[in-house]
2 protein chains.
Amino acid sequence: MKRKPSTEATAAWIRLMRVQSRVLDCVEQDLKRAGFPPLAWYDALLELSRAPSGELRPVELERQMLIPQYSTSRLIDRLVDEGLASRRECKIDKRGQFVEITEAGRELQKRMWSAYSAAIEKYVGSKLSDADAVKLSDLLDRLGCSCGEMKLPPVANVNESTPSR
Amino acid sequence: MKRKPSTEATAAWIRLMRVQSRVLDCVEQDLKRAGFPPLAWYDALLELSRAPSGELRPVELERQMLIPQYSTSRLIDRLVDEGLASRRECKIDKRGQFVEITEAGRELQKRMWSAYSAAIEKYVGSKLSDADAVKLSDLLDRLGCSCGEMKLPPVANVNESTPSR
DNA sequence: TCAAGATTGATGCAGCTGCATCAAATGGGG
DNA sequence: CCCCATTTGATGCAGCTGCATCAATCTTGA
């Protein structure tokens, strides 16, 4: 029960952990310095703004963002507190609800993307050619695809970009 | 002030965030299921066990692990509470102290490496050839090196492996 | 020598995460 | 039709993180 990873694999693992934290930290710091909330807020606002009518069930948001249920619930709380989204009751399923992005939410999402995209360019885009970026994506995809052979365990805060241009 | 990252760079960024969280989560879960503490503990124990006499100044540990000062301080608290390390006063600098790994600490580090290395193999090693692992490391290194042009800001929980084989 | 500044480490507070659990509503089988 | 399992969402609690700050000690320079 004690397989030994090659030193190459171990090195890749360490790089993956270190580099991701560093880069994420840099991007988050840039956003914070620009006066913006955490990336998770952006992710949620983006998903909401993309939804057909600007609203989603919390469950949908949860699945899109790959974060646990309680995390979604509280993130929505904060967005609502800040007037970036609002809760609407769901008439066809009284357990559920809809979360709708507000105008302020849409605006914030757009303003954040401006800073966010600049950060991506600064910390990723400018360091890699497009070809290398593709290669990196491919290698990472091979790790990610079936990492959990389970039923999608809680994972993480991530982002989706809008072409935005 | 609004540079646009290429779609390739953006895709790579997203993969980096998503895959890292998924893989880290998988590894942490495996360790937890085996009854072990978080990876950060392992990292600290490894650094201590590697130190010439099994002891380090908290400041050294902090620099090795790339985590903020207060985080180091509290991590040491927990290790000491669990009998995995002990604090010794530093005679030459009364502000400071030494943290020394205990036998229990050394043992735990070794037992954790067994589970940890198996997880690395399971979630990384088995998915990539050695050549691909090297390529991945290289691409990641290009992102990491100068991410912070500042003075090493607080970064993250990461690990160092011992060949251990 | 002594005061100002730097270094080392701890800690109070607020916010976020994970875990477990709860309540309400739905849906399906007998 | 009713009971029970499932789905949906909220929440109390503990632990961890980041931030700001503090106290103690060391170092430097006038």
**Message:** Does any part of the side chain of Leu140(B), heavy atoms only, come nearer than 4.5 Å to the side chain of Gln20(A), both counted from C-beta?
**Reply:** no
**Item:** 4.5 Å side-chain heavy-atom contact, Leu108(A) and Phe36(A)
**Value:** yes
**Asked** Counting only side-chain N and O atoms of Arg57(B), is one of them less than 4.0 Å from OP1 or OP2 of dG9(C)?
**Response** yes
**Request:** Give the rounded distance in Å between these two atoms: CE of Met65(B) and P of dC16(D).
**Result:** 13 Å
**Item:** Which residue lies more 5' along DNA chain D, comparing Gln97(A) with Trp41(B) via nearest heavy atoms
**Value:** Gln97(A)
**Asked** Side-chain contact, heavy-atom cut-off 4.5 Å: Val99(B) with Leu56(B)?
**Response** no
**Request:** Would you please test Arg18(A) and Leu66(B) for side-chain contact (heavy atoms from CB on, under 4.5 Å) and show each step?
**Result:** CA-CA 9 Å; Arg18(A) 291 208 128 106; Leu66(B) 299 178; 3.7 Å; yes
**Arg87(B) vs dA10(C): side-chain N/O to OP1/OP2 distance below 4.0 Å** = yes
**Message:** Between C1' on dT17(D) and CG on Leu24(A), what's the gap in Å once rounded to a whole number?
**Reply:** 14 Å
**Message:** Both Phe98(B) and Gln29(B) contact DNA chain C. Which one's nearest nucleotide lies toward the 5' end?
**Reply:** Phe98(B)
**Prompt:** Can you tell which of dG9(D), dT17(C), dT17(D) lies closest to the side chain of Tyr70(A)?
**Reply:** dT17(C)
**Item:** Side chain of Pro68(A) - closest among dG18(C), dA10(D), dG18(D)
**Value:** dG18(C)
**Prompt:** Does Arg142(B) come within less than 4.0 Å of Asp132(A), counting only side-chain N to carboxylate O?
**Reply:** yes
**Request:** Rounded off to whole Å, could you give me the CG-to-P distance for the Leu39(B) and dG18(C) pair?
**Result:** 15 Å
**Asked** Atom CD of Glu28(A) to atom P of dG15(C): distance rounded to whole Å?
**Response** 17 Å
**Item:** Length of the line joining Glu89(A):CD and dT8(D):C1', which is rounded to integer Å
**Value:** 15 Å
**Message:** Just N and O in the side chain of Ser73(B): are any of them under 4.0 Å from OP1 or OP2 of dA10(C)?
**Reply:** yes
**Item:** Worked verdict on Tyr123(A) versus Arg22(A) for side-chain contact (heavy atoms from CB on, under 4.5 Å)
**Value:** CA-CA 10 Å; Tyr123(A) 297 113; Arg22(A) 291 182 73 93; over 6 Å; no
**Request:** Calculate the interatomic distance between Gln69(B) atom CD and dC19(D) atom C1'; express it in whole Å.
**Result:** 12 Å
**Message:** Between P on dT8(D) and CG on Leu56(A), what's the gap in Å once rounded to a whole number?
**Reply:** 14 Å
**Item:** Set of salt bridge (charged side-chain N to carboxylate O under 4.0 Å, His left out) partners for Arg74(A), sequence neighbours left out
**Value:** none
**Item:** Length of the CG-P vector between Leu61(B) and dA10(C), whole Å
**Value:** 12 Å
**Message:** Go through it in stages, so that I can follow the logic: the residues are Leu143(A) and Leu136(B), the test is side-chain contact (heavy atoms from CB on, under 4.5 Å), and I'd like the CA-CA distance, side-chain angles, deciding distance and then a yes or no.
**Reply:** CA-CA 11 Å; Leu143(A) 292 183; Leu136(B) 179 56; 4.1 Å; yes
**Asked** What's the shortest heavy-atom distance between Leu75(A) and Ala40(A), and which atoms?
**Response** CD2-O, 3.9 Å
**Item:** Nucleic acid contacts - residues 74-86 of chain B versus DNA chain C, non-hydrogen atoms under 4.0 Å
**Value:** Arg74(B)
Output one line per pair: protein atom, nucleotide atom from nucleotides 24-26 of chain C, and distance, for all N/O pairs under 3.5 Å.
residue, atom, partner, partner atom, Å
dT26(C), OP1, Lys94(A), N, 3.2

**Request:** Identify the two heavy atoms, one from Asp30(A) and one from Ala119(A), that lie closest to each other, and give their separation to 0.1 Å.
**Result:** OD2-CB, 4.2 Å
